[in-house]
S.K.: 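Structure in structure tokens, see below.
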Amino acid sequence: MKHEDWQQLVSAYCDGEVTPEERARVEAHLAECAECAEALAAYRRLGQAIRALPQGTPSRTLWFRIQEGLARPARPLWWRLLPVASAAVVLLVAVVAGFLLRPPSGPAPLQAPEDRRSWMPTVAMRSPMPTAPALKSYPGMAPSLPSCPGIPLALEMVAISARDGADLASPRLVGVLYDGSGRPLPDVTLVISGTAGWQGTATTASDGTFSLSLPTAGTYQVVLALSPAAEAAAAPQEEMGRPYSLTLPDGTACQAGTTLLLPALAIGPRQEISLTLRAR
Amino acid sequence: MSEEEQRAWVEAARQGDERAFAQIFNHYHVHFFHLVCHLLGDADEAEDVVQQTFIKAFRSLQHMRDPGSLDSWLRRILYTTTMDVLRSRKRRRELPLDDKWRQRQARAFSPERDALLQEQVQRVQEALRQMPPRYRAYIILRELEGLTYEEIAETLGKPITTVRVALFRARERLREILRQLGEEDIP
């Protein structure tokens, strides 16, 4: 058996992908061959080093981009092949035209360069590509809204799934409610309802935080029930008949107390959804 | 995840249950993102690949023959989509390791991780980047994904014997590159 064959076997041995018979042979060989023993140790170290590579985090909007993509009608095969087909047709036309319009054989009369160009076919290679539709807005979704000074009320929601996003059995919704001056708002009740009639409430603590266990990952509706005390506490208070409205990124204005539809929670280990309430 | 669970999710998704789609996504997307990041070395492209994979998969769930094999079916789509990106990139030029990805990874270091470890990580990343993509795929699927030879063979559409040989060559190539980078081997 060649040395490379042994090393190949050692590599498979390292992965536990050998038969019992091969295992016995490799182990006997390893006891005798320092080079193969070193290769095995190196393979193991390489594996450890690769597994230790730090991992990045996908962006929070990935799921919404997928939903967006799914909402667009799928292009049939002929459509996807259209650019290729149109290029082929244009090329064919160019070849045929070039053949038909070629100058007569025999000694060609002297022509100015401009004249020569006049019988050459012009080829337009532009294929019809549809323009992408405008992005659709998602009610309740306002990822990474910048904090704007002067906004009277801000709700920061952070939905955290169970550890590392692996166990989605008991996701939690936690968040902080602020007023426009950045002060946390206590005593605001949030009514959160999910599918199958599930409903839970959370009241913000003195530091504006709230926390609620959700039965499962999914889509939830959140109703902000601002108590009069909370409304009074929120600054600024002038110019308010119905004091607050919620403005989503697409410009949709919702009043406090409006039902918000939050997108599926617990996407990944940590999901942040920021919503902003503005004075009307 | 068991075959039964995979089957249940696929069946529910086929019925149009949005939660099933979300569950499938939740279960796989972070893992897929990591895998493609290591294959492409570019976080933005990796996200695009994951996005395309799920769109393709969700659109063709109805045509999936065996709902119990969701796992390998998704991986095949992911791998094919990744290879498409690599091919189109090759037509343009091989891009360097994405800076954003580096930054994201740098943030993943806890303060306890010292400079030495970072240095080692960077060397391994650089060595992986220098590897031919086909070898990189074998190494990543085995070491990062922990797939068996049979699963790798299924994902890449190669015979198991090829997987065995390719993994050995990939490892040797990685050692060689590390030596060229000034390391005798991984410390």
Side-chain angles (χ1 to χ4, degrees), chain A residues 4-12 14-18 38-59 61-74 161 164-166 168 171 194-195 216-219 263-269 271, chain B residues 18-19 21-23 25-27 29-30 32-34 37-38 43-44 46-48 50-52 54-55 58-59 100-101 103-109 113 117-118 120-121 123-125 128 139-140 142-144 146 148-150 160 163-165 167-172 174-175 178 185-187:
Chain A
E4 189 180 306
D5 294 336
W6 274 117
Q7 283 194 316
Q8 210 179 97
L9 208 51
V10 167
S11 166
C14 176
D15 294 324
E17 296 270 0
V18 285
E38 173 48 33
L40 176 63
Y43 297 159
R44 286 182 173 151
R45 286 195 299 269
L46 279 174
Q48 281 168 359
I50 291 168
R51 285 189 293 277
L53 289 176
Q55 311 285 6
T57 313
S59 90
T61 56
L62 183 55
W63 173 241
F64 303 109
R65 298 209 311 265
I66 290 168
Q67 287 181 314
E68 181 68 39
L70 287 170
R72 268 181 231 145
S161 68
D164 297 332
L168 301 179
T195 49
T216 176
T219 303
L265 300 172
I267 299 166
Q271 182 72 0
Chain B
E18 278 185 32
R19 277 178 51 187
F21 283 113
Q23 277 176 319
F25 173 79
N26 282 334
H27 186 80
H29 84 284
V30 176
F32 281 4
F33 174 74
H34 293 161
C37 264
H38 286 293
D44 288 341
E47 276 200 7
D48 285 345
V50 175
Q51 180 183 336
Q52 283 175 44
F54 279 106
I55 291 173
F58 288 160
R59 276 194 175 139
K100 272 190 246 169
W101 186 49
Q103 284 163 13
R104 285 195 208 193
Q105 291 204 313
R107 280 200 294 274
F109 280 106
R113 291 202 184 193
L117 186 53
Q118 281 215 35
Q120 181 189 319
V121 163
R123 270 201 312 273
V124 175
Q125 283 175 337
L128 279 173
I139 283 275
I140 296 296
R142 173 63 212 160
E143 300 295 5
L144 210 68
T148 62
Y149 284 11
E150 194 183 343
I160 291 181
V163 174
R164 193 187 237 206
V165 176
L167 257 170
F168 159 67
R169 294 208 172 127
R171 284 177 168 136
E172 284 300 318
L174 198 54
R175 289 179 75 191
L178 281 164
D185 235 319
I186 288 289

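Proteins come first, then strands; the chains are lettered A, B, ... in the order of their sequence lines, and each starts at number 1.
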S.K.: Tell me, please, which residues at least two apart from Gln51(B) pass side chain to side chain donor-acceptor pair (under 3.5 Å).
M.R.: Arg65(A)
S.K.: Does this structure show an ion pair linking Arg169(B) with Glu172(B), if we count only N-O contacts that are shorter than 4.0 Å?
M.R.: no
S.K.: What residue in Leu167(B), Val165(B), Val163(B) has the most heavy-atom pairs under 4.5 Å with chain A?
M.R.: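 Between Leu167(B), Val165(B), Val163(B), the count favours Val165(B).
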S.K.: I need the minimum non-hydrogen distance between Cys14(A) and Tyr43(A), along with the two atoms involved.
M.R.: SG-CB, 3.9 Å
S.K.: Contact part of Ile160(B) toward chain A, heavy-atom cut-off under 4.5 Å: side chain, backbone, both or neither?
M.R.: neither
S.K.: Minimum heavy-atom separation for Arg164(B) and Ala12(A), please, with both atom names.
M.R.: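 So the two residues come closest at NE-CB, 3.5 Å.
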S.K.: Side chain, backbone, both or neither: which part of Ala41(A) has a non-hydrogen atom closer than 4.5 Å to chain B?
M.R.: neither
S.K.: Side chain, backbone, both or neither: which part of Glu4(A) has a heavy atom under 4.5 Å from chain B?
M.R.: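 Both backbone and side chain of Glu4(A) come within 4.5 Å of chain B.
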S.K.: Could you pull out all residues at least two apart from Asp15(A) that satisfy side chain to side chain donor-acceptor pair (under 3.5 Å)?
M.R.: Arg142(B), Tyr149(B), Arg171(B)
S.K.: With a 4.5 angstrom heavy-atom cut-off, is it the side chain or the backbone of Phe32(B) that approaches chain A, or both, or neither?
M.R.: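 Neither part; nothing is under 4.5 Å.
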